[in-house]
Amino acid sequence: MSTRFYNTINRKKVEFEPITPGTVKLYTCGPTVYDTAHIGNFRTFIFEDLLKRFLVFKGYEVYHVMNITDVDDKTIKRAITEEITINELTLKYTEEFMNDIKSLKILPADKYPRATDHIDEMIKMIQALEENGYAYETEDHSVYFRLDAYDSYGQLTQIDLTQQRVNERIINDEYSKDNPQDFALWKARDDDDGKIYWESPWGRGRPGWHIECSAMSIKYLGNHFDIHCGGVDNIFPHHENEIAQSVSATQEPFVNYWMHSEYLQIHGDKMSKTLGNYYKISDLISEGFTAEEIRFTLLNAHYRSKLDFSLKQKQEARTTIQRITDFQQRLLELKDSSETESSIPDEFEEFVAALDDDLDTPKAFAIFFGWIRSMNKLLDRGEFKFSQINGGLDFIDKFDDLFAIIPDAESIPQNIYDLIKKREKARLKQDWKTADKIRNQLYQEGWLVADSPSGPKVRSKK
RNA sequence: GGCGUCGUACCCAAGUGGUCUAAGGGAGCAGUUUGCAAAACUGUCAUUCAUCGGUUCGAAUCCGAUCGACGCCUCCA
């Protein structure tokens, strides 16, 4: 079964074929480390995580690069207001980002290049653009990309610049540009930048935002690579500009597949720093969310549809995940270790097909849950083969390799374990009073005990 | 003004010409199980897809209009 992805540049689903068979080169736009990332940002990162896990599942060797933007207007401004160096600022938030990534079970990228470590590459790229006539220096020693020199501008966005509303800021601020819509490759230092600048052939300054991704993606993945991802807000102007400058600099095609995830909304509005209507990962954790619950909530909607986030979704995620783990537990209890054969269920193929179709996670979940139900029926009737138990457990493992929403088994503290044993003794003697007392005590300690034919089952109350 | 997305049950959410008298999850309800309980399991839960027209043998799916929500249009994932 072939894999199809929605490619923003064609605005339709197309078959995925990597440039080099068996290998996928993936670039995902990383965070600007001027502040804590919010779950809107993480929706994109979790979508990218799923994409990568799926490609790995399909047998591709994936080389994944995610940039860290550690210089731009916001980082500079913030460092200056906080009276710390830009490095101190960005290190702090980079570290925080890495912790969030890890706590959300997002697989790490192979490389996390920082913009400030690649100023030389950016300068070289700008020089190449200048030599080819795609860039020009202005009086204040900034360098701009000349949109008129690049015919195919607007391919990704399907935008006609002449029809766009030109906002006042462009007209006022950037009067020295040849065309108000030309974008900055290199920004000359100004007084607001303080001590934050780099030397360049055009004098002191710093790189423009777009050049950073072009320079770093090309350095690590080559002039022409497979997939470039980000949130929909990156489509214009960021990715559009990246295409323009990359193609102009290398005279080669840049990226084959552009994939963008939709916004996470809150109460129907875009979640953003500016509006202040956002949750950080740490906020959600203090609200009681686990990593798995956050992942489930974000993956439960298709990546290209808007998703309205609310704290209420925690309970839904919790119950749903519990359903999976209980079922997994049921299979584990039935497993016969002498049976080695594993028959993977038919639904597995449908499940993969759903993901092959542009990562249709809701559909994949639906197939998975449908399968759980039909298995449960078989188990209720005792009409199953042990190879099906093994196959079922394998399916669940594969499911979790892709989604990472099944929590690790809880370890039960010794004192809790002792209490459970004590209660079992009481129950054997039919001393219900004592048994209930201990059950209450366990509840107070935060543990739920459930009696089943195969003995008591314990889980933390959460 | 330009470009674009979306409107499916109480809530979330797939499906984009026939297998749809529309998946799946949550909530609700009923039952099974249980010393009791909790959990789990099972069943049930939209003749209908914002509205109105049209195309078609056939539409949630295509076209048009209307209403409503949202996004992008120079540095927000």
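Here is the naming used below: chain letters follow the sequence lines, and residue numbers restart at 1 for every chain.
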side-chain N/O [X] vs [N] OP1/OP2, d < 4.0 Å:
X	N	value
A/T297	B/G25	no
A/R373	B/G43	yes
A/R323	B/C41	yes
A/K433	B/G35	no

Checking all strands, does [X] fall into the base, sugar-phosphate, or nothing category for heavy-atom contacts under 4.0 angstrom?
X	result
A/H260	nothing
A/G230	sugar-phosphate
A/R206	nothing
A/D233	base
A/S261	nothing
A/K74	sugar-phosphate
A/S305	sugar-phosphate
A/P237	sugar-phosphate
A/K457	nothing
A/L264	base

> Given that both pair distances must be under 3.5 Å and the pair must be Watson-Crick or G-U, what runs of three or more consecutive pairs involve RNA chain B?
Replying inline: B:1-7 with B:67-73, B:10-12 with B:24-26, B:28-32 with B:40-44, B:50-54 with B:62-66
Rounded distance (Å) that lies between atom [atom2] of [N] and atom [atom1] of [X]:
X	N	atom1	atom2	answer
A/R295	B/G25	CZ	P	21 Å
A/L428	B/G35	CG	P	12 Å
A/N300	B/A13	CG	P	8 Å
A/K429	B/G35	NZ	C1'	16 Å
A/M375	B/A40	CE	P	19 Å
A/E240	B/C3	CD	C1'	12 Å
A/W258	B/A77	CH2	P	16 Å
A/I235	B/G2	CD1	P	20 Å

[atom1]/[X] to [atom2]/[Y] distance, rounded to the nearest 0.5 angstrom?
X	Y	atom1	atom2	result
A/E316	A/N300	CD	CG	6.0 Å
A/M271	A/L307	CE	CG	9.0 Å
A/F403	A/I321	CZ	CD1	12.0 Å

Provide the distance between the two [atom1] atoms, one in [N] and one in [M], to the nearest whole Å.
N	M	atom1	value
B/G18	B/U51	C1'	25 Å
B/G24	B/C45	P	11 Å
B/A60	B/G17	C1'	11 Å
B/C6	B/G43	P	34 Å
B/U61	B/G15	C1'	9 Å
B/G7	B/U48	C1'	15 Å
B/C10	B/U19	C1'	30 Å
B/A9	B/A14	P	13 Å

Between [X] and [Y], does the ring centroid distance fall short of 6.0 Å?
X	Y	value
A/F145	A/W186	no
A/F351	A/F395	yes
A/F97	A/Y93	no
A/Y112	A/H64	no
A/Y27	A/Y220	no

Is a donor-acceptor pair below 3.5 Å formed from side chain [X] to base [N], judging by atom type as modelled?
X	N	result
A/D451	B/C36	yes
A/D436	B/G35	yes
A/R439	B/C36	yes

> If you look at every heavy atom in A/C29 and A/N67, which pair is closest and at what distance?
Replying inline: CA-OD1, 3.4 Å
> Of A/K105, A/K102, A/R295, which meets salt bridge (Lys or Arg N to Asp or Glu O under 4.0 Å) against A/D49?
Replying inline: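 That would be A/R295.
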> Is the number of heavy atoms from other residues, nucleotides or ligands within 6.0 Å of CD (A/E349) greater than 12?
Replying inline: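 Not buried by this count: 12 neighbours or fewer within 6.0 Å.
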Candidates [options] - which lies nearest the side chain of [X]:
X	options	result
A/N234	B/A77, B/C41, B/G25	B/A77
A/R423	B/C36, B/C73, B/A77	B/C36
A/D72	B/C76, B/G35, B/A14	B/C76
A/R11	B/G4, B/C76, B/G24	B/G4
A/E316	B/G26, B/U74, B/U42	B/G26

>> Looking at B/G35 and A/W432: do their rings stack (centroid distance under 5.5 Å, interplanar angle under 30°)?
In response: yes
Would you list the protein and nucleotides 68-70 of chain B atom pairs, both N or O, that sit under 3.5 Å from each other?
unit_1 : atom_1 : unit_2 : atom_2 : d
B/C70  : O2'    : A/Q265 : NE2    : 2.9

> Of A/L307 and A/R330, whose closest RNA chain B nucleotide lies nearer the 5' terminus?
Replying inline: A/L307
> Do the charged groups of A/R423 and A/D431 touch, with an N to O distance under 4.0 Å?
Replying inline: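 Here A/R423 does not pair with A/D431 in a salt bridge, since their nearest N and O are not under 4.0 Å apart.
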>> Classify the ring geometry of A/H260 against A/W258: parallel below 30°, tilted from 30° to 60°, perpendicular beyond 60°.
In response: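 It falls in the parallel class, under 30°.
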